[in-house]
Amino acid sequence: ATARARRTPSLARPRAASAAQRDTTRRQPATQGGSVAATSRRTKCRLPRAPGPRGPSSQTPARPMSTPSACVKAFAAVAFALSAAANGAQGTLATATIDASLNPVETPMGVAVANSWIVAVRGSEAECDRIRKRIDELRKDEMDAMSMHASETIDFEELCFVNFAGSSDLADKIAKEPRVKYVEPNLIMTSQGRKRKVSASGESPPSWGLNRIDQSDLPLSKNEPFKPDYSGEKVTIFVVDTGINVKHEEFDNRARYGPSFVPSESDAEDRNGHGSHCAGTAAGATFGIATAAKIVGVKVLSGGGSGSNDGVIKGIKWAIQANKDLMDDKNSNSKAGVLSMSLGGGKTQVLNDVVALAAKSMIVVVAAGNAGSDACKYSPASAGGDGRNNGPITVASTDKYDYRSGFSNYGKCTDIFAPGTDITSAWKNSATATNTISGTSMATPHVAGVAALMLEKHDYDLNKARKALFDDSVPGRIEDVRSGSTNLLLQVPLRNPGNPTPMPTRPPSNAPAQVCTTQSDCMDYAPSLFGPDWPLDKIVSGKVAAVAGNDEYGCSSVPKKSYDSDEIVVVMRGDCQFFTKVSMAESGGAKAVLIVMSSNDPIFPPNYYGNDSVGIPSLMISKSDGKDLLKNFIGKEVMVGSPTLMDGGGGGDGERSDNKRRRRRRRKKSSSNNSSDENELIGTPDA
């Protein structure tokens, strides 16, 4: 029922203000603490603008404000699945279904819990208690106060937070209180993984990711076991996720349950599998890195893969205190902690502040997100970018050919790359179950595991271990890192590093695929996160076809054999979910589907959160490219594949350079009309 509810076409992602709107944006005076809020004259909605990833030194922080009720559309009992990435969590996604019990609504910052807010307060817990009492006092006048949950304090050493229920008017009033830093909607976070297949233990070899991080260059070694010089002994890794299958044989009785901060699931069992998979990569006996580390599952995401921001914050606070208690306990044999968070959602200063606080006492590793976009648009990913200097470490994903994974976010808020495509690890179903999935969720625990090894090597000194993690990584190995990204590939620490393997010539099939009408005229695209993958080792070609009938959106049923078996259907985005478009085309006999953006916004991977399946691949292309295909190429051939394959596999460098020049011209042309604000939440809505 929740999957059907999510298919409501009106649940489109919020659009940013146009350039003209931004030009007329007026700024309100800075409040105490130097915060400001931007207000659009057209919509009367405050558009949150968060501080830069490196704090006030990079830009003056703007005050994230509460969202007026006119700007928040409540969709009762709607389970809106936010994939932060792409947004989120981006092959087919490991389904992240937002529980209807969270009462999700759409806000300019992302999907949030309805009428739920988090206020950040400077000072001690006493200050938060004062604000909490003030909230309760003001709420007496609200009609629904009796049905709202009580306000709750979550305190840290330098900041404390109050989670409260109430109207946007109440949130605005609280934002003006002394000592209040900001007020934000209580956003919803989701897991950041892509589902592949479940298999029994022993059917798949240990993940290629282990093979890649113990050698500086390709090709991957064959039949050589993963045996790092350290094992993460006396380190505890806190996996803040969906819980852990502690009975899995991968964990050798080293894993234990932490608490659950999911109201609908009071037990700490992993009902999703995502948390167990991440834990297995970080510290599993077969698929993991830190094979002697202890693991604690802190459950903040439900079996559907979603959870509220206040629950995530509580989980982080618990992990900080638990790590301190373990280090103070002489009988615990734990000398340092690592916090691993493979989750994400809309950009929120609350979560960014909390992970930054956690990084003062632990090594904190977070996922970049799976939108194929700028990581600075999401949280906690946007807290990264300065991991070398004791901040949270944001991890982007690579494939086994040393390319940035197509779904992976990138940019100045990322710190490092690690394997994240087709990673095999533990799963929830039994003590032996495994799963092979993809995502920045899978890259993150690689770094968490190596962080545990670094801590052991450097006598559990946080600063030295962080520095060594970056110093020992290898630079310049990853292709297509995108602007702003640090081109560093994770490596395990060695006592006696050997000679590096010579860098080979990459096979042609590994180049990122494109949609091309000729060998020299190609366009960028984003592959869908559902249905079969586009193959990398061969060209997929077919004739361009418009939608059968008069429905340019491809949402209506069409008779069988409406399309020839070699036709690739071009449909416009809108009116129905992506899955419906592909399913309708498949029923008519089409070979594949190209979905065209309805605006000049950046392309993103189409997604689907239901349980049905389709048998043909699909992808997203830009509005300008789609119009070009429909106008000039109906009945003509289009090819999907790597440019080197289209060039015959040899002498393709010049041709590829020409392709890149053409694509740059396309992007430059379209960017002039692009009205996307840099803080817009760009994700993979399902329509």
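Positions are given from 1, in the same order as the sequence printed here. These numbers come from the heavy atoms of this one structure, side chains and all, not from hydrogens, waters or symmetry mates.
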We want to know whether S618 and S528 form a side-chain donor-acceptor pair, criterion being a heavy-atom distance below 3.5 angstrom.
yes
Closest heavy-atom contact between A358 and L339?
CB-CD2, 4.1 Å
Per side-chain contact (heavy atoms from CB on, under 4.5 Å), T394 is matched among T440, D415, V447 by D415
Verdict with supporting geometry, T286 and E250, side chain to side chain contact (heavy atoms under 4.5 Å, CB included)
CA-CA 6 Å; T286 305; E250 277 289 299; 2.8 Å; yes
Residue that, paired with D471, satisfies salt bridge (Lys or Arg N to Asp or Glu O under 4.0 Å) out of R388, R466, K457:
R388
Non-hydrogen side-chain atoms of V239 and V298 separated by less than 4.5 Å:
no
Checking S485 side chain against V481 main chain: does a donor-acceptor pair fall under 3.5 Å?
yes
Could you go through K464 and D459, starting from their C-alpha distance and side-chain angles, then the distance that decides it, and tell me whether this counts as salt bridge (Lys or Arg N to Asp or Glu O under 4.0 Å)?
CA-CA 9 Å; K464 290 181 179 179; D459 296 325; over 6 Å; no
salt_bridge(D374, K412) N-O dist < 4.0 Å
no
Would you mind checking if D402 and R477 are paired as a salt bridge, meaning a charged N to carboxylate O distance below 4.0 Å?
no
M442 vs H277, side chain to side chain contact (heavy atoms under 4.5 Å, CB included): CA-CA, chis, key distance, verdict:
CA-CA 8 Å; M442 287 59 257; H277 193 283; 3.8 Å; yes
Flag for T291-S231: side-chain donor and acceptor within less than 3.5 Å
no
Pair E479-Y401, side-chain donor/acceptor within less than 3.5 Å:
no
Side-chain donor or acceptor of S276 paired with backbone N/O of N245 under 3.5 Å:
yes
Do we see a donor-acceptor contact under 3.5 Å between the side chains of S342 and D241?
no
K317 NZ: over 12 foreign heavy atoms closer than 6.0 Å:
yes
With side chain to side chain contact (heavy atoms under 4.5 Å, CB included) as the test, would you mind laying out the steps for V474 and L488 before giving the verdict?
CA-CA 6 Å; V474 290; L488 280 180; over 6 Å; no
Name the residue from D353, T348, N352 that meets the side chain to side chain donor-acceptor pair (under 3.5 Å) definition with S379.
N352
State plainly whether the residues D480 and R482 are in salt-bridge range, i.e. N to O under 4.0 Å.
yes
Please report the C-alpha distance between V312 and L351 in whole Å, then the side-chain angles of each, then the deciding distance to 0.1 Å, and finally whether the side chain to side chain contact (heavy atoms under 4.5 Å, CB included) criterion is met.
CA-CA 8 Å; V312 175; L351 187 53; 3.8 Å; yes
Is it the case that S438 and D422 place a side-chain donor and acceptor less than 3.5 Å from each other?
yes
Without hydrogens or angle criteria, can the side chains of N211 and S221 be said to hold a donor-acceptor pair below 3.5 Å?
yes
Please check this pair: side chain of S430 against backbone of T432, looking for a donor-acceptor N/O pair closer than 3.5 Å.
yes
Among side-chain atoms of H274 and S441, is any donor-acceptor pair under 3.5 angstrom?
yes
Under 3.5 Å, is there a donor-acceptor pair between the side chain of D252 and the main chain of R254?
no
Under 3.5 Å, is there a donor on one side chain and an acceptor on the other for S405 and S397?
yes
I'd like to know if the side chain of N409 and the backbone of A375 have a donor-acceptor N/O pair within less than 3.5 Å.
no
